[in-house]
Amino acid sequence: MRLLEQRILRDGKVRPGGVLKVDGFLNHQMDVELFRLLAQQWHEAFRADNVTKILTIEASGIGLACIAAQEFGCPVLFAKKTKTKNIDGAVYTTRVESFTHGTVYDVIVAKEYLLPTDRVLLIDDFLANGAALEGLCDLVRQAGATLVGAGIAVEKCFQPGGARLRGQGLRIESLARIKSMSEDSLAFMD
Ligand code: G4P
């Protein structure tokens with residue numbers, strides 16, 4: 001079994017409504033040594049792709065993205081969630097509709113930090129319905145940059161995001177792949 005899957009079995013908790021709590025090591029308290037080992041796995045997968053920028057979305061993706069950026073030796077850019085109506089021409093913007101949280105928000109990145117010459121790797125903690133990741137793909141597209149792929153910590157494979165985005169040609173490397181979960185059982189993909 002994979003490293004992150006072992007850790008989820010040990011320290012994760014499944015809450016009613018299909019939410020996996022990983023607050024103790026992934027997205028509240030953060031185990032930085034674990035992050036380093038996960039980042040090495042993404043680097044192994046994407047080392048030949050000449051990544052020049054890592055793009056994530058606030059908030060929970062930022063810690064993972066920073067450690068990954070150390071492996072790749074490139075900067076991290078995080079898309080900001082905003083409620084501001086007056087978005088000026090200096091930013092790329094896209095709308096993210098989260099089914100998990102029941103919210104809609106705009107996310108932005110400054111044009112000066114996402115360039116047509118960039119080769120972008122997306123990093124995030126969860127892939128569920130895929131709305132957040134799809135928003136990041138759209139920002140890369142707007143910039144005319146090259147999308148290398150996505151490194152995901154936990155993919156909930158029973159939700160549709162991964163299949164849809166792979167179907168659109170996105171390469172996704174997920175380090176823990178959950179096949180099914182309930183409060184008293186958790187199964188990973190083979
Ligand atoms: P969505 O379309 O249902 O919104 O799914 P998506 O894959 O885009 O994930 C949306 C948000 O929900 C993400 O947070 C993701 O981290 C979080 N999420 C989804 N499933 C789980 C889960 O089982 N456990 C936990 N802990 N989080 C989950 P976000 O909107 O980017 O916000 P933030 O938490 O990073 O601030």
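Here the structure is a predicted model, which means the values were calculated and not measured. We count ligands from 1, going down the list as the structure has it; atoms in each ligand are counted the same way.
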**Q.** ligand 1 N/O within reach of A131 N/O, cut-off under 3.5 Å
**A.** yes
Q. Is the closest N or O pair between S98 and ligand 1 shorter than 3.5 Å?
A. yes
Q. Under 4.0 Å between a Lys/Arg side-chain N and an Asp/Glu carboxylate O for R164 and E134?
A.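 Salt bridge between R164 and E134, a charged N being under 4.0 Å from a carboxylate O: yes.
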Q | Lys/Arg-Asp/Glu bridge criterion (N-O < 4.0 Å) met for R166, E155 | A |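 The answer is yes: the pair qualifies as a salt bridge.
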Given the ring of [Y], does [X] sit roughly above its face, with NZ or CZ under 6.0 Å from the centre of the six-membered ring and within 45° of the axis?
X    : Y    : result
K53  : Y113 : no
R7   : F25  : yes
R119 : F46  : no
K81  : Y105 : yes

Q: Using distance alone, with no hydrogens and no angle criterion, decide if T94 and D138 have a side-chain donor and acceptor under 3.5 Å apart.
A: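 Side-chain D/A pair, T94 to D138: present.
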Q.
Can you see whether T82 engages D106 through a side-chain donor-acceptor pair at a distance of less than 3.5 angstrom?
A. no
Would [X] count as a contact of ligand 1 if the rule is a heavy atom under 4.0 Å away?
X    : value
G161 : no
G18  : yes
K81  : yes
V19  : yes
H101 : yes

Which residue holds the protein heavy atom closest to [atom], what is that atom called, and what is the gap in Å?
atom                    : answer
atom 5 (O) of ligand 1  : N129 N, 3.2 Å
atom 26 (N) of ligand 1 : L20 O, 3.1 Å
atom 3 (O) of ligand 1  : T100 OG1, 2.3 Å
atom 34 (O) of ligand 1 : S60 OG, 3.1 Å

Q: Output the distance between atom OG1 (T56) and atom CG (D124), rounded to the nearest 0.5 Å.
A: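 Those atoms lie 4.5 Å apart.
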Q) How many angstroms lie between CG in L127 and SG in C157, if you round to the nearest 0.5 Å? A)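 One finds 8.0 Å between CG of L127 and SG of C157.
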**Q.** Test salt bridge (Lys or Arg N to Asp or Glu O under 4.0 Å) applied to R171 and D49, step by step
**A.** CA-CA 12 Å; R171 179 178 169 204; D49 291 284; 3.5 Å; yes
May I ask you to list the atoms of ligand 1 that are less than 4.0 angstrom from any heavy atom of [X]?
X    : answer
D125 : 16 (O)
G130 : 2 (O), 5 (O), 6 (P), 7 (O), 8 (O)
L127 : 7 (O)
A59  : 33 (P), 35 (O), 36 (O)
A132 : 8 (O)
A128 : 5 (O), 7 (O), 19 (C), 20 (N)
N27  : 26 (N)

Q. Where is the tightest heavy-atom contact between K156 and F126, given as atom of each residue plus distance?
A. CD-CD2, 4.0 Å
Q. Does S174 reach the main-chain N or O of R177 with its side chain, forming a donor-acceptor pair under 3.5 Å?
A. no
Q.
Heavy atoms only, cut-off 4.0 Å: how does F78 contact ligand 1, side chain, backbone, both, or neither?
A. neither
Q. Nearest non-hydrogen atom to atom 21 (C) of ligand 1 belongs to which of K156, E58, E97?
A. K156
(Q) Going by the closest heavy atom to atom 15 (C) of ligand 1, which one wins out of F126, Y105, F99? (A)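 Residue with the shortest heavy-atom distance to the ligand atom: F126.
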